[in-house]
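Structure record follows, encoded as structure tokens.
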Number of protein chains: 2
Amino acid sequence: MRRDVFQAIADPTRREIIGLIAHKTLNLNEIAENFEMSRPAISQHIKILTECGLVEITQQGRNRYCNIQFQKLAEISKWVEQYRIFWTNKLDALEIHLSKETKST
Amino acid sequence: MRRDVFQAIADPTRREIIGLIAHKTLNLNEIAENFEMSRPAISQHIKILTECGLVEITQQGRNRYCNIQFQKLAEISKWVEQYRIFWTNKLDALEIHLSKETKST
DNA sequence: TAATTGCGTAAGTGATTGCTTACAAATATA
DNA sequence: TATATTTGTAAGCAATCACTTACGCAATTA
């Protein structure tokens with residue numbers, strides 16, 4: 001059972017869930033209301049998000065509130081950002097190219 | 001056939017491939033040499049990376065060289081970075097908390 | 001021209017995914 | 001105490017995934 005952040009965010013529903021609870025802590029039913037699919041389906045998505053550490057649950061009576069663990073998102077950021085130097089370099093090159101074109105016209 | 005960047009980078013082998021060709025353009029066989037699995041398996045991974053726009057292929061004779069399209073990586077970056085404000089805020093709160101603790105001891 | 005090299009693709013397979021419905025447990029309310 | 005609410009989990013299922021082996025084709029080299 002591979003459970004890493006990259007696999008967790010691969011599913012569009014799970015990315016939407018993250019989008020929902022990023023701004024406001026919600027319980028499972030409140031999250032499920034935002035989707036067409038069944039509540040157990042959402043429950044299973046939350047489980048995956050919890051298992052990889054992206055979401056943490058705080059139980060309060062019979063409600064289970066979901067909070068994002070943003071440090072985990074930072075893990076993804078770290079992976080992508082190692083390549084930023086490459087794409088910014090390319091953009092720089094493009095800008096130089098464009099400014100040359102502007103001069104020549 | 002869902003082919004988006006998030007699903008593409010979900011697989012660890014594909015992330016490794018990206019890591020390989022980020023610094024140096026390689027042909028398919030050169031990429032495959034770095035892995036235990038068969039060449040067709042790598043070929044299929046490259047196909048997925050190409051279909052979602054993360055890799056572009058330049059044919060040169062019988063060699064097909066693979067180049068990363070870094071703008072596509074920027075798409076992932078954009079998604080993660082929208083949440084950065086949340087995790088940096090949390091870090092700020094932690095730092096304040098820690099400095100208070102240091103003072104009280 | 002014959003052999004080699006670099007590659008895509010088809011078919012097959014077992015594991016995993018993303019859902020469903022059905023059920024049970026625990027907490028809260030009447 | 002009986003009922004309603006919030007939830008987890010099991011079983012089942014079709015679709016997809018990540019691989020394999022087997023093959024064919026085009027470009028290069030001998």
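Chain identifiers are assigned alphabetically (A, B, ...) following the order of the sequence lines, protein sequences preceding nucleic acid strands; residue numbering begins at 1 within each chain.
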Quiz prompt | Selection: residues 53-64 of chain A, any non-hydrogen atom under 4.0 Å of DNA chain D | solution = A:Arg62, A:Asn63, A:Arg64
Quiz item: For residues 20-37 of chain A, which residues have at least one heavy atom under 4.0 Å from DNA chain D?
Solution: A:Asn27, A:Leu28, A:Asn29
Self-check item: Any residue meeting side-chain hydrogen bond (donor to acceptor under 3.5 Å, both in side chains) with B:Thr58, in chain and number order, not counting sequence neighbours
Solution: B:Asn67
Self-check item: Which residues share a salt bridge (charged side-chain N to carboxylate O under 4.0 Å, His left out) with A:Arg39, sequence neighbours left out
Solution: none
Self-check item: Counterpart residues, salt bridge (charged side-chain N to carboxylate O under 4.0 Å, His left out), relative to A:Glu75 (two or more places apart)
Solution: A:Lys72
Donor-acceptor list for residues 40-47 of chain A side chains, cut-off 3.5 Å, not counting sequence neighbours:
unit_1  : atom_1 : unit_2  : atom_2 : d
A:His45 : ND1    : A:Arg14 : NH1    : 3.0

Exercise. Specify the residues of residues 41-50 of chain B, ordered by number, for which at least one heavy atom lies under 4.0 angstrom from an atom of DNA chain C.
Key: B:Ser43, B:Gln44, B:Lys47
Practice problem: Measure distances between side-chain N and O atoms of B:Arg39 and base N and O atoms of C:dG8, and say whether any donor-acceptor pair falls under 3.5 Å. | Solution: yes
Quiz prompt | Contacts of type salt bridge (charged side-chain N to carboxylate O under 4.0 Å, His left out), residue A:Glu16, not counting sequence neighbours | solution = none
Practice problem: Could you tell me which residues satisfy side-chain contact (heavy atoms from CB on, under 4.5 Å) with B:Asn27, sequence neighbours excluded, listed by chain and number? | Solution: B:Asn29, B:Glu30, B:Asn63, B:Tyr65
Exercise. Output all residues satisfying side-chain hydrogen bond (donor to acceptor under 3.5 Å, both in side chains) with B:Glu36, sequence neighbours left out; order by chain, then residue number.
Key: none
Quiz prompt | Pairing residues for A:Glu81 by the salt bridge (charged side-chain N to carboxylate O under 4.0 Å, His left out) criterion, not counting sequence neighbours | solution = A:Arg84
Exercise. Please collect all ring-ring contact (aromatic ring centres under 6.0 Å, His included) contacts where either partner lies in residues 3-39 of chain B, sequence neighbours excluded, each pair once.
Key: A:Phe86-B:His23, B:Phe6-B:Trp79
